Amino acid sequence: GIEVDREFRDLKEQLQKARPIIVLHGPVLSDYIIKPKRKPPTQLFGVPVAELSPDSVMAAMVAFCSANNVTLYEKLLKQDVNGDKTAHVQEFAAAFAAAGQQLSNGQCGLLEELLGPHANDAGFVDFSFLK
């Protein structure tokens, strides 16, 4: 159970190739590189996250689409198989991606959180506000 470094592990492997020995040890320390946590998004639709709320996210989305010539309404309408003008948050993200505006995973999570209060019981949001 003793932790060893890569140098020890490499030496052990060389010895095991040359002689029939068994060396037991714990994890190799340098094999466990700690990856830094991703920073949460600082902006969504060009608006600082601190300024966004469930009440303002829709207006920010409309302004972003207008400023960037993104036809999100039409893209969501094409995905709307039952014609009720609702879409799941992942469909919003897919429509943005189809329009050339990729959202990061953090931004998608933030969008889901902000649109959550506007979603129906099945998790779908009326997208007619984008028209």
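Note that the coordinates shown come from a computational prediction; the quantities given were computed from them, not determined experimentally.
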**Request:** Inspect the surroundings of CD1 in Ile21 and state if more than 12 heavy atoms from other residues, nucleotides or ligands are less than 6.0 Å away.
**Result:**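 Counting other residues, nucleotides and ligands, CD1 of Ile21 exceeds 12 neighbours.
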**Request:** Tell me, yes or no, whether the heavy-atom count around Asn105 atom CG, taken from other residues, nucleotides or ligands under 6.0 Å, exceeds 12.
**Result:**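 It does not: Asn105 CG has 12 such atoms or fewer within range.
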**Asked** Who else is in Ile22's hydrophobic cluster (ILVMFWY, side-chain heavy atoms under 4.5 Å, direct or via others)?
**Response**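 So far as hydrophobic clustering goes, Ile22 is joined with Leu24.
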Looking only at heavy atoms, what is the nearest atom pair of [X] and [Y], with distance?
{"X": "Gln107", "Y": "Gln43", "value": "NE2-O, 3.1 Å"}
{"X": "Ala97", "Y": "Gln102", "value": "CB-OE1, 3.4 Å"}
{"X": "Cys108", "Y": "Ala93", "value": "SG-CB, 3.6 Å"}
{"X": "Glu91", "Y": "Phe124", "value": "OE1-CE2, 3.6 Å"}
{"X": "Ala60", "Y": "Leu52", "value": "CB-CD2, 3.8 Å"}
{"X": "Val49", "Y": "Pro41", "value": "CG2-O, 3.2 Å"}

**Prompt:** Do the side chains of Pro54 and His118 get nearer than 4.5 Å, heavy atoms only?
**Reply:**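 Yes; the side chains approach each other to less than 4.5 Å.
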**Request:** Would you check if Val4 and Lys12 make a side-chain contact, meaning some heavy-atom pair closer than 4.5 Å?
**Result:**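 No. Closest side-chain heavy atoms not under 4.5 Å.
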**Request:** Mind running side-chain contact (heavy atoms from CB on, under 4.5 Å) on Phe92 and Leu130 for me, showing each step along the way?
**Result:** CA-CA 11 Å; Phe92 278 88; Leu130 292 165; 4.0 Å; yes
**Request:** Return yes if a side-chain donor-acceptor contact under 3.5 Å exists between Ser53 and Asp55, otherwise no.
**Result:**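 No, no side-chain donor-acceptor pair sits under 3.5 Å.
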**Message:** So, applying side chain to side chain contact (heavy atoms under 4.5 Å, CB included) with Met61, which one of Leu114, Leu111, Val47 is it?
**Reply:**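 Result: among Leu114, Leu111, Val47, Leu111 is the only option passing the side chain to side chain contact (heavy atoms under 4.5 Å, CB included) with Met61.
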**Message:** For the backbone of Val70 and the side chain of Asn68, can you confirm whether one donor and one acceptor N or O come within less than 3.5 Å of each other?
**Reply:**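 Absent.
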**Asked** With distance as the sole test, does Asp80 use its side chain to make a donor-acceptor pair with the main-chain N or O of Asp84 at under 3.5 Å?
**Response**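 Pair found, side chain donor or acceptor close to backbone of Asp84.
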Rounded distance (nearest 0.5 Å) linking atom [atom1] of [X] with atom [atom2] of [Y]:
{"X": "Phe127", "Y": "Lys85", "atom1": "CZ", "atom2": "NZ", "result": "7.0 Å"}
{"X": "Ser66", "Y": "Leu72", "atom1": "OG", "atom2": "CG", "result": "12.5 Å"}
{"X": "Gln101", "Y": "Asn69", "atom1": "CD", "atom2": "CG", "result": "10.0 Å"}
{"X": "Lys131", "Y": "Glu74", "atom1": "NZ", "atom2": "CD", "result": "9.0 Å"}

**Request:** Check the pair Asp10 / Glu13 against side-chain contact (heavy atoms from CB on, under 4.5 Å), numbers first and verdict last.
**Result:** CA-CA 5 Å; Asp10 293 344; Glu13 289 173 356; 4.2 Å; yes
**Steps toward side-chain contact (heavy atoms from CB on, under 4.5 Å) verdict (Phe96, Cys65)** = CA-CA 9 Å; Phe96 271 109; Cys65 289; 4.1 Å; yes
**Prompt:** According to the ring-ring contact (aromatic ring centres under 6.0 Å, His included) rule, which pairs have a member within residues 7-27, sequence neighbours left out?
**Reply:**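 Every ring-ring contact (aromatic ring centres under 6.0 Å, His included) pair that includes a residue of residues 7-27, provided the two are not neighbours, is Phe8-His25.
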**Asked** Does one hydrophobic cluster hold both Leu44 and Leu76, with members joined at side-chain heavy-atom distances below 4.5 Å?
**Response**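 Yes, because Leu44 and Leu76 connect within a single hydrophobic cluster, where side-chain heavy atoms sit under 4.5 Å apart.
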